[in-house]
Peer 1: 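Quick one: the structure is below, and I'll ask about it shortly.
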Protein chains: 2
Amino acid sequence: MTLDARGGRPPTLSDVARLAGVSQSTASRVVNGSARRVDDGYRERVLGAARQLGYAPNIAAQAVARGASHRIALITGGIADAYFSAMTAAIMNAAEEIDLRVSLAVSSRRTERELELVRELRGEQPRAIILAGTGYTDSRSDPAVEAELLRYQETGGRVVLISRTDMPFETVYFDNFEGARRLAVEMVARGYRSPLLLGSDLPLRSMQERIDGFTAGFAEAGIAIPPSRVLRPGFHWDGARELLATLDDDVLASADLVFAVTDVLALGALNGLRERGIETPGRIGVAGFDDITTLRDVVPPLTSVHVPLDEVAAEAIHRATAAPEDLRRRVIPTHPVVRASTPPR
Amino acid sequence: MTLDARGGRPPTLSDVARLAGVSQSTASRVVNGSARRVDDGYRERVLGAARQLGYAPNIAAQAVARGASHRIALITGGIADAYFSAMTAAIMNAAEEIDLRVSLAVSSRRTERELELVRELRGEQPRAIILAGTGYTDSRSDPAVEAELLRYQETGGRVVLISRTDMPFETVYFDNFEGARRLAVEMVARGYRSPLLLGSDLPLRSMQERIDGFTAGFAEAGIAIPPSRVLRPGFHWDGARELLATLDDDVLASADLVFAVTDVLALGALNGLRERGIETPGRIGVAGFDDITTLRDVVPPLTSVHVPLDEVAAEAIHRATAAPEDLRRRVIPTHPVVRASTPPR
DNA sequence: TTGTATGCGTTATCAC
DNA sequence: GTGATAACGCATACAA
């Protein structure tokens with residue numbers, strides 16, 4: 001005896017209703033939890049039938065009937081990347097708490113791909129589209145993407161940006177400047193006097209703010225950081241590693257600290273220094289930014305600026321779902337976490 | 001002048017058809033690419049109207065009407081984890097190539113969550129559900145999960161397992177034993193004689209195969225690895241770190257190599273050794289398994305066994321979509337990659 | 001409380 | 001080639 005009413009196809013609500021001997025509406029009311037109450041006898045029978053058939057509600061049909069989905073779309077730069085994985089994980093957790101499914105899309109940091117994705121995702125009629133800073137398009141996003149998002153917004157969608165300020169939408173931003181400034185103050189207190197800064201070769205506002213904040217922190221102690229000591233390796237691990245491994249001896253000789261604008265870069269730098277045979281943190285301390293869990297636990301544990309991703313994610317989900325009047329612009333604070341990679345000098 | 005025909009709601013195909021002055025059927029034919037041809041004049045007008053309205057096809061409605069979606073569901077152990085991120089990225093890439101969207105769900109390695117997810121995902125009517133080895137439930141999965149998946153399969157779905165053999169479904173498996181065996185042979189050739197093995201404290205078949213393969217490789221050279229030299233730290237980074245950092249001196253004294261069943265564990269071990277002040281690879285070499293890109297580039301670069309995730313992903317997508325007759329059981333080969341973390345002795 | 005009827009946005013089957 | 005019309009699976013306003 002086979003269980004499914006119609007061979008090879010998933011059971012539908014009609015199948016359940018028929019087996020339970022009730023109308024489809026009644027079946028619908030018990031499986032979805034409508035406002036209306038259903039007689040306990042019927043309720044039992046429907047539930048039993050559903051279980052017996054192995055019924056699972058067709059989400060697409062529900063979305064069509066309801067005219068709205070329980071999804072949000074997340075466009076991220078890449079999931080193999082430690083920063084974006086952590087961010088994605090945080091957002092999925094936050095979304096799960098309020099029973100929102102996340103449609104994940106990866107732009108691989110290509111603007112044209114981003115446009116395609118926005119188009120595609122719009123078709124899923126998500127409650128909101130969240131774009132997590134891709135790290136490439138911060139200052140020069142495609143106008144077509146903006147237009148597409150604007151359309152989406154005009155037709156009832158919500159757009160939330162995380163750590164990017166290149167488009168006029170709700171933005172969750174964290175305090176890059178202040179976190180870096182406070183880190184710099186800590187570093188000065190620990191005796192560091194001559195930092196080398198690793199920025200980004202891309203014109204990213206968030207990264208520049210970290211440079212500026214750090215510079216400001218040292219300036220408070222009367223220490224100026226000349227532009228020549230701000231280096232701009234390629235955006236990734238290997239760029240930083242190579243830059244440090246091949247840097248002029250005399251530049252390095254006078255440095256006692258490397259501050260990189262991301263943890264990934266900091267680790268690249270750390271490895272570049274090691275390859276070169278320079279003892280860290282013995283001769284040169286290393287500090288990063290982001291405080292990604294999977295990255296900071298190296299030897300020596302990495303000093304960094306903590307970005308509370310859970311908070312960022314919660315704020316993003318809030319902006320994605322809350323009533324407009326509940327939205328106040330808020331910058332998430334960050335704070336330095338000093339670890340063994342920057343021992344007192 | 002506002003563009004949308006109906007204020008605040010996404011434009012529908014009817015809106016497009018109306019604006020273009022054609023029937024809904026014709027509009028449908030041009031926007032989706034049906035078999036039927038459409039007159040070029042009409043075609044242009046429909047496209048124009050769609051562009052003007054910023055039309056995006058409602059995916060859910062398409063899925064309902066077509067009776068099938070263009071999605072596959074992926075259940076993975078966690079995205080903040082380097083191994084699973086890499087796997088997820090590979091699968092999303094492979095899926096993208098054949099225009100399949102991936103619904104990502106994270107089980108956080110909890111079996112009961114896995115059951116919930118299968119239930120939920122079934123509702124999306126995906127073409128297939130892929131479960132990437134969670135690393136926890138390999139040998140003792142929940143019967144309820146299996147039953148649920150069986151139901152899904154009976155009603156036309158496809159189930160694909162990656163690196164787990166606990167349930168009777170299509171499985172993509174890679175050659176843990178042979179990869180580890182060949183790595184062991186290489187290590188012997190490089191002069192290593194007394195390895196310490198880091199397994200898993202969980203009864204995972206794949207992990208045991210790596211231990212067995214490595215042991216077999218040494219056995220070929222006449223070197224037996226006594227059970228006492230097979231350690232089982234917690235499954236993660238920190239477990240391995242702590243174990244190595246606190247291991248008895250005499251156990252360590254006689255060892256010249258640490259082989260861990262995953263790269264994550266290997267890095268934990270590497271850091272544990274460093275904390276302890278033991279020089280690597282000078283005094284003790286370190287090798288892992290998986291060859292995760294984001295993990296291997298440390299100092300020293302990590303010797304590992306390469307698992308071709310792109311191939312694994314392609315195979316999984318193939319099994320998820322190909323006709324049943326095209327399926328032949330195939331084990332993906334792996335191969336050792338020797339790097340600086342295991343210099344010749 | 002329950003059932004009937006209608007609608008959601010789309011595709012597919014049919015005549016034209 | 002094009003356009004009515006009937007599905008698809010589900011939710012809901014309304015009638016009973």
Side-chain angles (χ1 to χ4, degrees), chain A residues 4-6 8-46 49-50 53-70 120 122-126 155-156, chain B residues 4-6 8-46 49-50 53-71 122-126 155-156:
Chain A
D4 46 332
R6 306 168 330 174
R9 288 225 305 284
T12 71
L13 196 54
S14 305
D15 298 328
V16 174
R18 195 175 314 125
L19 181 61
V22 301
S23 78
Q24 205 198 83
S25 353
T26 302
S28 170
R29 294 195 254 266
V30 5
V31 300
N32 72 10
S34 115
R36 282 189 146 58
R37 277 272 303 249
V38 169
D39 180 87
D40 280 352
Y42 281 174
R43 166 172 227 85
E44 282 308 311
R45 280 166 56 188
V46 171
L53 292 175
Y55 171 77
N58 183 322
I59 307 283
Q62 285 187 329
V64 174
R66 290 187 170 131
S69 75
H70 276 188
E120 258 186 60
R122 272 227 293 154
E124 296 184 14
Q125 319 280 136
T155 56
Chain B
D4 47 333
R6 307 170 329 178
R9 288 227 304 286
T12 72
L13 197 53
S14 306
D15 298 328
V16 174
R18 195 176 314 124
L19 182 60
V22 300
S23 78
Q24 211 193 82
S25 329
T26 301
S28 171
R29 292 196 256 267
V30 4
V31 300
N32 70 12
S34 116
R36 280 188 147 58
R37 279 265 308 247
V38 168
D39 181 87
D40 280 351
Y42 280 175
R43 166 171 230 87
E44 282 308 311
R45 280 166 56 187
V46 171
L53 292 175
Y55 171 76
N58 183 323
I59 306 282
Q62 285 186 330
V64 174
R66 289 186 170 131
S69 75
H70 276 188
R71 317 188 134 241
R122 274 226 294 153
E124 297 186 13
Q125 318 281 133
T155 54

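Below, read A as the first sequence line, B as the second, and so on, with proteins coming before strands; counting in each chain starts at 1.
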Peer 1: Indicate whether OP1 or OP2 belonging to D/dT12 is found under 4.0 Å from a side-chain N or O atom of A/Ser25.
Peer 2: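 It does not, given that no N or O in the side chain of A/Ser25 lies less than 4.0 Å from OP1 or OP2 of D/dT12.
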Peer 1: Calculate the interatomic distance between B/Asp40 atom CG and D/dG1 atom P; express it in whole Å.
Peer 2: 11 Å
Peer 1: Are any of the side-chain heavy atoms of A/Val46 and A/Arg43 separated by less than 4.5 Å?
Peer 2: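 A side-chain contact is absent here, since even the closest heavy-atom pair is not under 4.5 Å.
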Peer 1: Atom CZ of B/Arg45 and atom CG of B/Asp39: how far apart are they, to the nearest 0.5 Å?
Peer 2: 9.5 Å
Peer 1: Rounding to an integer number of Å, can you tell me how far A/Asp15 CG sits from D/dC8 C1'?
Peer 2: 13 Å
Peer 1: Find out whether A/Ser28 and A/Gln24 are in side-chain contact, i.e. whether some heavy atom of one side chain is under 4.5 Å from a heavy atom of the other.
Peer 2: no
Peer 1: Does B/Asn32 have a side-chain nitrogen or oxygen under 4.0 Å from the phosphate oxygens OP1 or OP2 of C/dT11?
Peer 2: yes
Peer 1: Is there a side-chain polar atom (N or O) of B/Ser28 under 4.0 Å from OP1 or OP2 of C/dT11?
Peer 2: yes
Peer 1: Between B/Gly21 and B/Gln24, which residue's closest nucleotide on DNA chain D lies nearer the 5′ terminus?
Peer 2: B/Gly21
Peer 1: Tell whether B/Arg29 reaches the base of D/dG3 with its side chain through a donor-acceptor pair below 3.5 angstrom.
Peer 2: yes
Peer 1: For residues A/Arg9 and A/Asp15, determine if any side-chain heavy atom of one lies less than 4.5 Å from a side-chain heavy atom of the other.
Peer 2: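 Side-chain contact under 4.5 Å: no.
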Peer 1: Is any side-chain heavy atom of B/Val22 closer than 4.5 Å to a side-chain heavy atom of B/Arg29?
Peer 2: no
Peer 1: Residues of residues 61-69 of chain B with any non-hydrogen atom less than 4.0 angstrom from an atom of DNA chain D: list those, numerically ordered, please.
Peer 2: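 Of all residues in residues 61-69 of chain B, the ones placing a heavy atom under 4.0 Å from DNA chain D are B/Val64, B/Ala65.
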Peer 1: Measure distances between side-chain N and O atoms of A/Ser23 and base N and O atoms of C/dT4, and say whether any donor-acceptor pair falls under 3.5 Å.
Peer 2: no
Peer 1: Expressed as a whole number of angstroms, how long is the span from B/Gln125:CD to D/dC8:P?
Peer 2: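 Answer to the nearest Å: 14 Å.
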Peer 1: Can you list, pair by pair, the side-chain donor-acceptor contacts under 3.5 Å of residues 54-63 of chain A, counting residues two or more places apart and other chains?
Peer 2:
residue: A/Asn58; atom: OD1; partner: A/Ala60; partner atom: N; Å: 3.0
residue: A/Asn58; atom: OD1; partner: A/Ala61; partner atom: N; Å: 3.0

Peer 1: Out of curiosity, B/His70 NE2 to A/Glu120 CD, how far, rounded to the nearest 0.5 Å?
Peer 2: 11.5 Å
Peer 1: In whole Å, I'd like the distance from the NE2 atom of A/His70 to the P atom of D/dC10.
Peer 2: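 Interatomic distance, NE2 of A/His70 to P of D/dC10: 16 Å.
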Peer 1: To the nearest Å, how far apart are B/Arg18 CZ and C/dT10 P?
Peer 2: 12 Å
Peer 1: Measure the distance from CG on A/Asn58 to P on C/dG9 and round it to the nearest whole Å.
Peer 2: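 Those two atoms, CG and P, are 17 Å apart.
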Peer 1: Which whole-number value in Å describes the distance from B/Arg45 CZ to D/dT2 C1'?
Peer 2: 13 Å
Peer 1: I'd like the P distance from D/dA15 over to D/dA11, given in whole Å.
Peer 2: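 It comes out at 22 Å once rounded to the nearest Å.
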Peer 1: Rounded to whole angstrom units, what separation is found between the CD1 atom of B/Ile59 and the C1' atom of C/dT11?
Peer 2: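 Computing the B/Ile59:CD1 to C/dT11:C1' distance gives 14 Å.
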